[in-house]
Each structure stands twice: as structure tokens, then as C-alpha cells.
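Whatever order the structure lists ligands and atoms in, that order sets their numbers, starting from 1. Atom set for the values below is all heavy atoms of this structure, side chains included, hydrogens, waters and symmetry mates excluded.
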Amino acid sequence: MTQDALVIFTPSGKRGRFAVGTPVLTAARQLGVDLDSVCGGRGICSKCQVQPAYGEFSKHGVTVAEDALSPFNAVEQRYDEKRGLKPGRRLGCQATVQGDVVIDVPAESQVHKQVVRKAATARTITMDPATRLYFVEVQEPDMHEPSGDFERLSAALSEQWQIDGLTAPLPVLQRLQPALRKGGWRVTVAVHKGHHDSAPRLLDIWPGYYEGGLYGLAIDLGSTTIAAHLCDLVTGAVLASSGIMNPQIRFGEDLMSRVSYVMMNPGGDREMTDAVRAALNDLTDAIAQDAGIERHAIVEAVFVCNPVMHHLLLGIDPVELGQAPFALATSGALSLDAGDLDLSRMNPAARIYILPCIAGHVGADAAAVALSEEPNKSDDLALIVDVGTNAEILLGDKTRVLACSSPTGPAFEGAQISSGQRAAPGAIERLEIDPTTKDPRFRVIGSDLWSDDPGFAEAVAQTGVTGICGSGIIEAVAEMRMAGLVDASGLIGSAEQTGTPRCEAQGRTHAYLIHDGSAEGGPRITVTQGDIRAIQLAKSALYAGARLLMDARGVDTVDRVVLAGAFGAHISPKHAMVLGMIPDAPLDKVTSAGNAAGTGARIALCNLAARAEIEQTVRAIHKIETAVEPKFQDHFVSANALPHASDPFPELAKIVTLPDVSFNAAGTSDRARRKRRRSP
Ligand code: FES
């Protein structure tokens with residue numbers, strides 16, 4: 001009788017005794033060790049690489065002899081000659097256990113790899129994609145036992161990979177026979193398994209062993225921009241990222257104007273659907289080219305978007321979303337074929353997953369933020385704000401999560417601001433005002449130098465100083481408040497009142513001059529009274545939304561604030577609090593999550609269980625509709641002041657003393673129009 005050998009796998013620490021002669025891959029499978037294999041142990045794929053360790057391991061209580069594994073065999077030899085194996089590596093399906101051994105499974109050989117994100121609030125993504133590759137040997141047809149090629153492929157998958165009940169869409173069936181014959185009845189297939197009880201589906205087939213990869217797109221479909229990440233579905237790596245403008249902008253800048261376009265123009269929804277789908281096709285082409293991969297290897301796409309974008313992508317008239325009770329055609333998650341959405345540039349059988357919407361105003365993008373930031377698992381009370389044309393706001397902890405959206409308008413993106421521009425090279429993104437001289441210094445996108453640093457002029461010679469972007473305007477207004485150039489009501493003082501000629505008269509109001517590039521043919525960049533009003537409207541909407549959720553939760557403060565969104569990542573927490581965009585909180589408890597919606601899309605793309613998880617989480621989120629909530633208007637009006645008319649900001653007061661100035665005497669009415677736009 002052969003003696004059993006002790007096999008210990010690292011890093012999992014799983015161990016067990018196996019008969020001498022057992023392949024390492026078999027031992028790994030029996031112990032549930034995460035060791036990859038696409039070819040099923042045939043020595044073709046090399047995914048099963050392991051690294052045995054030799055010598056004394058007191059920690060494990062074993063000594064590993066040099067001959068603990070079988071010698072290099074012909075298959076490994078051939079693979080090493082053709083492709084090269086790293087020193088010390090073995091193919092787990094070829095090497096057999098001969099004695100006690102410690103075997104390391106390197107990260108690249110694990111199926112469920114951990115992908116660490118770079119962001120500060122790093123959340124690792126465990127790879128568990130819906131679509132995987134499998135190598136199979138299929139029985140040849142036999143006239144005496146007639147059966148279809150697909151049925152024999154299906155039987156082979158069941159037998160060799162325990163995948164039962166395979167289905168195949170027509171485009172794949174059409175390519176089945178040539179692939180099987182060309183590969184000599186050995187093929188690689190891409191099989192998609194849904195997270196519900198849906199049958200596994202054949203997405204593609206290649207003759208023999210397919211060396212290429214499988215890819216997926218995580219797409220954040222916003223009203224202004226469409227951002228996509230191309231991810232490797234095996235490693236989780238982001239191979240390319242790309243963003244384009246949403247072409248629907250020509251039908252209306254914001255969501256409400258797009259809904260109005262549909263109301264006024266029969267067939268307008270179809271036009272917008274066609275426009276966005278065409279843009280997605282172009283984006284697919286461009287991103288595949290960027291990454292140097294075949295477009296047909298893109299077998300999945302995950303979408304996150306607000307409800308109006310959601311309906312327009314799906315070809316559903318969004319008109320119901322423009323009026324109470326803001327009913328969605330469907331709020332659940334959707335699993336579709338690429339062909340359903342005319343996405344013709346990826347694999348024709350590619351699968352599309354769209355995250356669930358939370359409510360008529362709170363979309364799949366907010367669901368994606370919830371998936372990324374996990375307020376439902378938080379011990380402390382977290383307020384998560386995804387700042388965009390509409391702010392999506394989540395408040396909660398592990399007991400309960402509330403959500404709403406608030407119509408902030410485009411001011412935070414630099415639109416409707418006199419010197420405003422999108423975040424692009426040349427735009428002022430950071431700004432400080434000296435409280436004594438009242439002079440500004442600033443930084444523009446594209447240079448790390450401040451405007452008063454030596455060499456600044458040369459550094460920005462290429463781009464010039466062209467305008468002010470969203471994060472820049474927030475800092476500018478907050479700095480003006482801190483320097484006593486703007487009072488609590490939002491009024492800019494005159495040159496006499498503030499003591500600086502930079503506060504110039506502009507009709508009956510004043511504007512603060514940041515930069516005068518007119519001598520070189522550049523713009524004069526100012527912050528006008530109108531700009532401050534636009535920022536006040538936007539920040540009041542944001543704060544009022546957050547406040548409504550806090551009311552519903554019965555609290556006056558939150559433990560922490562997370563700023564999300566591509567723009568949210570660039571906002572300075574201190575300046576946001578001076579403006580009263582967000583409720584008072586200790587500054588170190590205000591963090592940025594970067595593009596959390598995009599991260600949520602990536603998580604759902606790479607991890608099947610995350611899809612089931614977010615569907616369940618969304619069902620439990622309590623929605624609050626700001627449009628019909630009477631208290632929203634009260635909160636909105638009180639939030640107009642900088643930072644707020646009545647709510648205390650004790651944490652802010654610890655770090656900043658706001659000058660007690662008032663410029664009403666300047667003859668300018670403080671009774672600014674407190675109108676606000678409503679958009680879905
Ligand atoms: Fe494919 Fe070992 S499992 S080479």
C-alpha cells in the first residue's frame with residue numbers, strides 16, 4: 001500500500017493527505033484550493049502553475065525533500081521550451097505528489113484573484129466573473145447514434161466541467177460546426193453563467209485552445225459624459241479607460257430638457273436612443289483599439305446610469321420620469337443580449353447587465369455607488385454624495401439606508417458660471433486668497449505650480465489660463481467668503497467695503513477679478529455675483545437633499561461624509577464645508593471615493609455575487625422623493641446662506657473663522673431670487 005503524503009497549499013494554508021502519484025491539481029481541487037485550469041488538466045493552458053517550496057518548514061511541521069514532486073515530465077518540458085516556465089514553477093496538472101510538500105499558488109494562478117484598487121478607500125474586488133473559458137474535447141458524430149454537434153458539446157461540458165443545461169444563441173450556433181471540425185473536436189468555449197437560475201449560455205467558441213483573453217466593459221453612462229473601463233475578465237486589470245461626451249447633449253443639456261424634448265418631438269426618444277447607442281459602438285471600437293484587443297473578445301458589459309439615461313438606453317420613452325409619481329418602466333436589474341441594445345461592435349452574443357434603479361430619480365448609478373461604498377455595511381452613519389448635474393445622496397449604516405436625488409444643476413461642473421469651463425488643461429482647479437492682501441494664487445490643470453511660483457508663466461504657456469472648473473469655483477467662492485470678500489448671504493462687497501480693487505463694480509453688483517489675461521489675448525477671469533448665486537442654488541439643493549435624509553433618520557449630524565463622482569474626487573472638503581454644501585463633520589471624516597459609480601460597475605462586472613448582493617441591497621433602500629417633499633423647499637431656502645442660515649457648523653468653526661461682514665449697505669438687495677430648477 002502506498003503511503004499518503006502531506007500536501008500544504010499556501011497562501012490558503014489548506015492541507016490534506018494524498019496518495020503518492022496524485023496530481024497537484026487534483027489535490028488542490030479536493031481541498032477547495034483556488035487553482036485555475038482552463039484545459040481541464042491536459043497540459044495545454046498553463047493556468048495551473050504552482051511553485052513548490054523545499055526544505056524545512058517548522059511553521060508547517062514538515063520537511064520537503066527535493067523529490068517531493070515527480071520530475072519534470074515531457075509536457076512541462078515542451079511547455080517550457082515553447083513558452084518558458086518561470087524558474088521553479090511546475091504545471092499543477094502534470095506534477096504529482098511523491099512526498100510531503102508545501103506548494104504555493106501564485107496570484108496569477110488563482111481564479112478568484114483579489115484586485116486591489118488604487119483609491120484611498122480601497123476596496124478589493126474578488127474575481128468571480130460571469131463568463132469563463134473552458135477547453136473541452138467533444139465526441140465526434142456517429143451516423144449510428146445521431147445527435148447534434150451542439151448536444152455533444154453540451155454533454156462534454158457537463159461531463160468535463162459539470163456545466164449542465166447549456167444554451168446557445170443563434171450567432172454562436174452558426175459558428176459551431178466549423179470550429180469543432182477545425183479544432184479536431186477540441187475547442188475552447190466561453191460560457192456565461194448568470195447569478196440567477198438562468199441556464200449557462202455559450203457566448204463564443206474557438207477551435208483548439210484559445211490563447212486570447214476575455215474582456216468586459218464597465219460603463220458609467222452619464223448625462224454629460226460616457227465613461228468606460230475595459231477590464232480583463234481573468235485578472236480584473238483595467239486595460240484601457242475612455243470617456244466621450246454623451247451625444248444626447250444636442251437634444252438638451254440636462255435630463256429635464258431631454259425629457260421635454262421627447263414630450264415636444266414625437267419620436268425624439270428614438271433619436272436619443274439611436275444617438276447614445278451609436279456613441280457606445282464608437283466607444284467600444286476606440287477602447288478595444290486602445291487596449292490592442294479584438295472587439296469580439298468583449299463578451300460582457302455592465303451599465304450604470306441615472307433613470308432617464310437608463311430608459312433612453314433601453315429604448316423606453318422617459319416621459320413618465322418627468323412628472324409625478326416618476327414611475328420607472330422597470331426598476332429591477334436587467335440581463336440582456338448586446339443585440340437587444342444594438343451594441344454591434346462587441347461580441348454578437350455578449351451579455352449586458354444593468355444594475356437596478358433605486359427610484360424614479362435615483363438610478364442604477366446610485367446603486368453602483370452603494371455597491372462600491374457599502375453604506376449598508378457601515379458601523380457609523382455615513383452620508384455619501386455623488387456630485388453631478390443631479391446629486392445622488394445616500395445616508396445610512398448597517399441598520400438602514402436612505403436615498404434621494406437632488407437637482408443641483410450643472411454649476412458644479414463649471415457650466416452656467418461666467419468664466420466656467422469643464423475640467424481641462426488651462427482651467428483653474430485650486431485657488432487661495434490671502435486674507436490680508438485679498439490677492440489670489442491659483443493652480444491650473446496641467447501644471448503643479450501655483451501662479452506665484454517662479455516658472456508658472458512658462459509652465460502654462462501652452463495651455464494658457466482659460467477659465468475656472470467646478471472644483472475651482474467651489475474653492476474660489478469659499479476662499480472669497482473666508483477672506484471677507486463675500487458675506488454670509490452671498491453678496492460680493494465693493495472695492496471700498498473689501499479694500500481691494502479686485503472687487504469691481506458690474507452694474508449694481510460686484511465681481512472679483514482672479515486673473516487678467518487680456519494683455520496676452522487671454523480671458524479676464526472673474527467670479528461674478530451671478531456665479532455666486534448659481535453656486536448657492538446648487539449647494540442649497542445638495543444640502544437640502546442631505547438634510548431631508550437626516551430628518552427621515554432623525555439626526556442632526558452624520559459621522560462621516562463621502563464625496564463621490566469624478567468631480568467629487570476633486571472637491572476640497574474644507575471648502576465644501578465653508579460653502580455649506582455638506583453638513584458639518586470633522587474634516588478628517590470627509591473623504592473622497594473617486595468615481596464610485598464606475599467602481600460599482602467594475603465590481604459588478606468582475607464579481608457575480610456582487611450582482612445578487614446589490615439587487616438585494618437596493619430592495620432594502622428607503623427612497624425619499626425630494627420633488628414632492630414640502631420640507632425640501634424650507635431646507636433649500638435656509639441652506640442659501642454661506643454656510644447656512646440656522647444650522648450650526650461647530651466642526652467648521654474649529655478650523656476656520658468666517659469674517660462677520662455684511663454688504664447689504666452696498667445697495668444690492670439680498671433678496672435674491674430663490675428659484676430653483678427642478679429636474680429628474
Ligand atoms: Fe491546463 Fe495544467 S490545467 S496546463
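For ligand 1, the atoms closer than 4.0 angstrom to any heavy atom of G41 are 3 (S). Listed by number with element, the atoms of ligand 1 under 4.0 Å from a non-hydrogen atom of G43 are 4 (S).
For atom 4 (S) of ligand 1, the closest non-hydrogen atom on the protein side is S46 N, 3.1 Å.
Ring-centre distance between H195 and Y353: below the 6.0 Å cut-off.
Residue side and main chain included, C39 places an N/O/S atom under 2.8 Å of atom 1 (Fe) of ligand 1. Coordination check, C48 versus atom 2 (Fe) of ligand 1: passed, since an N/O/S atom of the residue sits under 2.8 Å.
The shortest side-chain heavy-atom distance between R90 and V24 does not fall under the 4.5 Å cut-off.
Here the closest non-hydrogen pair linking L283 and S242 is CD1-OG, 3.5 Å. Residue S241 comes nearest to H229 through the heavy atom pair OG-ND1, 2.7 Å, listed as atom of the first residue, atom of the second, then distance.
Electrostatic pairing of R152 and D149 counts as a salt bridge here, judged by a charged N lying under 4.0 Å from a carboxylate O.
Ligand 1 lies nowhere less than 4.0 angstrom from a heavy atom belonging to G92.
In I44, the part holding a heavy atom less than 4.0 Å from any atom of ligand 1 is the backbone.
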